[in-house]
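Lettering of chains follows the sequences in order, A, B, ..., and the numbering in each one begins at 1.
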Protein chains: 4
Amino acid sequence: MNIQFDKRDPIYLQVIRYFKQEIAVAHLKPGQEIPSRRELANQLSINPNTAQKAYKEMETIGLIYTEGNMPSKITENTALLKNIRTELIDEATNNFITAITPIKVPLEEIVDLVKKKYLENENDKEDTND
Amino acid sequence: MNIQFDKRDPIYLQVIRYFKQEIAVAHLKPGQEIPSRRELANQLSINPNTAQKAYKEMETIGLIYTEGNMPSKITENTALLKNIRTELIDEATNNFITAITPIKVPLEEIVDLVKKKYLENENDKEDTND
Amino acid sequence: MNIQFDKRDPIYLQVIRYFKQEIAVAHLKPGQEIPSRRELANQLSINPNTAQKAYKEMETIGLIYTEGNMPSKITENTALLKNIRTELIDEATNNFITAITPIKVPLEEIVDLVKKKYLENENDKEDTND
Amino acid sequence: MNIQFDKRDPIYLQVIRYFKQEIAVAHLKPGQEIPSRRELANQLSINPNTAQKAYKEMETIGLIYTEGNMPSKITENTALLKNIRTELIDEATNNFITAITPIKVPLEEIVDLVKKKYLENENDKEDTND
DNA sequence: GTGGTCTAGACCACT
DNA sequence: GTGGTCTAGACCACG
């Protein structure tokens with residue numbers, strides 16, 4: 001596991017987003033165990049309190065659950081899990097539209113730009129494949 | 001002038017973004033006077049200090065300038081002004097791609113979604129036209 | 001008459017300093033007439049209020065005097081005039097020492113630097129002589 | 001820490017100048033932690049907002065940096081740090097020469113005066129040593 | 001009127 | 001604890 005933190009957003013939110021993404025692409029499956037708070041903090045070199053905050057938030061959302069002293073697990077509420085992908089996509093798209101609309105960019109120009117950056121990004125990833 | 005503030009971002013940043021957008025769509029032109037700090041604060045119902053902070057930041061960026069105790073003006077550095085539109089668009093697009101990529105959404109689906117939301121948004125605006 | 005205004009200091013203070021310098025080098029002599037407030041404002045392209053403020057301040061100091069509707073004149077208090085040169089030099093030197101002392105620069109280095117910059121400045125002036 | 005504030009300059013600028021001087025004489029070193037805003041405000045008996053303003057300005061200059069909510073630190077850009085001493089000295093000397101030149105004081109007289117005041121100042125400091 | 005600074009005190013999010 | 005933002009209200013110098 002590895003997260004490229006940027007400093008614009010709080011770390012705990014970036015951790016949550018990471019888990020959501022892993023769920024959206026089915027790298028994390030219902031009932032699957034996730035690292036303990038301490039492990040996570042170690043792996044990501046973040047403050048244990050930050051890890052704790054992320055997990056607590058995810059529990060509140062219902063994304064994960066913890067029974068007794070067992071490792072936390074991804075929820076088995078598959079409906080909720082299925083929504084995550086849509087939720088992430090919608091959120092990203094809404095943010096985008098909200099940001100781009102006031103600048104009055106023609107739809108065509110937007111689509112072209114999105115396509116271009118999307119493909120650039122794909123190529124970058126291929127270049128850094130192992 | 002009117003800004004719909006959300007509480008996620010600091011007000012002074014939203015003010016700056018607003019000015020950038022107004023510049024990007026050429027509602028604000030090089031050398032044009034902008035409202036005084038007090039005036040802006042009144043119009044937006046924000047504290048004069050918050051307006052001052054936004055203006056000060058815009059000065060350090062080079063977006064506006066102030067001579068003596070005269071009202072501040074939009075910079076006459078047209079190169080800088082021209083970049084603003086591109087900068088805003090790029091930033092929005094990059095944020096979008098960065099957010100959407102890890103979810104592995106096919107390009108086609110993304111484009112469709114963008115088109116759909118864009119048009120929805122357009123219609124909303126028409127509905128509220130006078 | 002011509003003053004190169006910088007924006008760090010208030011204009012009216014720069015005007016006063018200019019008059020003091022002209023007195024210090026005896027370009028302005030006791031009893032000599034000086035431009036009216038309006039004339040000064042025109043020549044320097046400054047606000048008449050600013051010229052007025054400078055003159056008023058100079059009157060308070062006793063540097064100039066005005067009788068009735070006559071043009072203002074340089075004071076005939078020669079003792080005061082003689083002090084101006086010393087005053088300007090002392091002020092400049094004190095400011096310099098106050099600024100340079102906390103940085104713990106050896107006297108030798110300071111003297112060398114002053115000499116160097118002084119001579120550079122002399123040459124610049126010669127180059128722009130008419 | 002102690003700063004003798006004068007009322008001519010804004011407090012926050014005097015704070016910045018103080019930090020620059022401390023850097024110039026190497027009392028503050030690259031990466032070194034500096035007091036929190038609140039602490040500084042307490043020590044100097046100034047408002048926390050004023051301390052904040054000074055620190056924010058130093059950040060934009062690149063003099064200090066802040067990660068997360070950790071105490072701010074002196075930048076590790078040693079090139080920038082090295083320049084500060086030169087910058088301070090040059091600025092002081094330029095101001096001095098600019099002020100003294102129009103009075104047409106012979107170089108010799110200037111040097112003598114600088115020497116005299118420098119030494120006076122040294123003695124003053126010795127007198128107040130513990 | 002303008003910009004600029006400052007204080008006092010509060011609140012928030014993050015670690 | 002930390003940094004960051006915001007409000008309310010005041011004062012000053014400048015033009």
Using a 3.5 Å distance criterion without hydrogens, assess whether the side chain of D:Q14 forms a donor-acceptor pair with backbone atoms of D:I3. no
Heavy-atom nearest nucleotide on DNA chain E taken for A:T50 and for D:I46; more 5' hit belongs to D:I46
Taking for B:R38 and for D:S72 the nucleotide of DNA chain F with the nearest heavy atom, the one nearer the 5' end belongs to D:S72
Does a side-chain heavy-atom distance below 4.5 Å link B:I84 with B:Q21? no
Nearest heavy-atom contact between B:I89 and B:T93 is O-OG1, 2.7 Å
Assuming nearest nucleotide by heavy-atom distance, tell me which of D:N69 and B:N69 is located more 5' along DNA chain E. B:N69
Using residues 60-69 of chain A as the side-chain source, report each donor-acceptor pair under 3.5 Å to any protein atom, sequence neighbours left out, with the distance given to one decimal.
residue : atom : partner : partner atom : Å
A:T60   : OG1  : A:K56   : O            : 2.8
A:Y65   : OH   : A:E76   : OE2          : 3.1
A:T66   : OG1  : A:E59   : OE2          : 2.4
A:T66   : OG1  : A:S72   : OG           : 2.9

Considering only distance and modelled atom types, tabulate donor-acceptor pairs under 3.5 Å from the side chains of residues 41-49 of chain A, sequence neighbours left out.
residue : atom : partner : partner atom : Å
A:N47   : OD1  : A:N49   : N            : 2.8
A:N47   : OD1  : A:N49   : ND2          : 3.4

I'd like a table of donor-acceptor pairs (distance under 3.5 Å, sequence neighbours excluded) in which one partner is a side-chain atom from residues 24-35 of chain D, with atom names and distances.
residue : atom : partner : partner atom : Å
D:H27   : ND1  : D:E22   : OE1          : 3.1
D:K29   : NZ   : D:A26   : O            : 3.1
D:Q32   : OE1  : D:K29   : N            : 2.9

When you compare the side chain of D:F5 with that of D:V15, does any pair of heavy atoms fall below 4.5 Å? yes
Stem finding on DNA chain F, please: runs of three or more consecutive Watson-Crick or G-U wobble pairs, both distances under 3.5 Å, sorted by first number. E:1-14 with F:1-14
Could you identify which residues of residues 4-20 of chain D place a heavy atom less than 4.0 Å from some atom of DNA chain E, listed by residue number, or say none? D:P10, D:I11, D:Y12
Need two values: the first and the last nucleotide of DNA chain F, 5' to 3', having an atom under 4.0 Å from any heavy-atom of chain C. F:dC14 to F:dG15
Look at all strands and tell whether A:N47 reaches a base, only sugar-phosphate, or nothing, counting heavy atoms closer than 4.0 Å. sugar-phosphate
Taking the six-membered ring for Trp, are A:Y55 and A:F19 parallel (under 30°), tilted (30 to 60°) or perpendicular (over 60°)? perpendicular
Is a side-chain N or O of B:S36 found less than 3.5 angstrom from the main chain of B:E39, in a donor-acceptor match? yes
Can you name the nearest heavy-atom pair linking A:T98 to A:N94, along with the distance? OG1-O, 2.7 Å
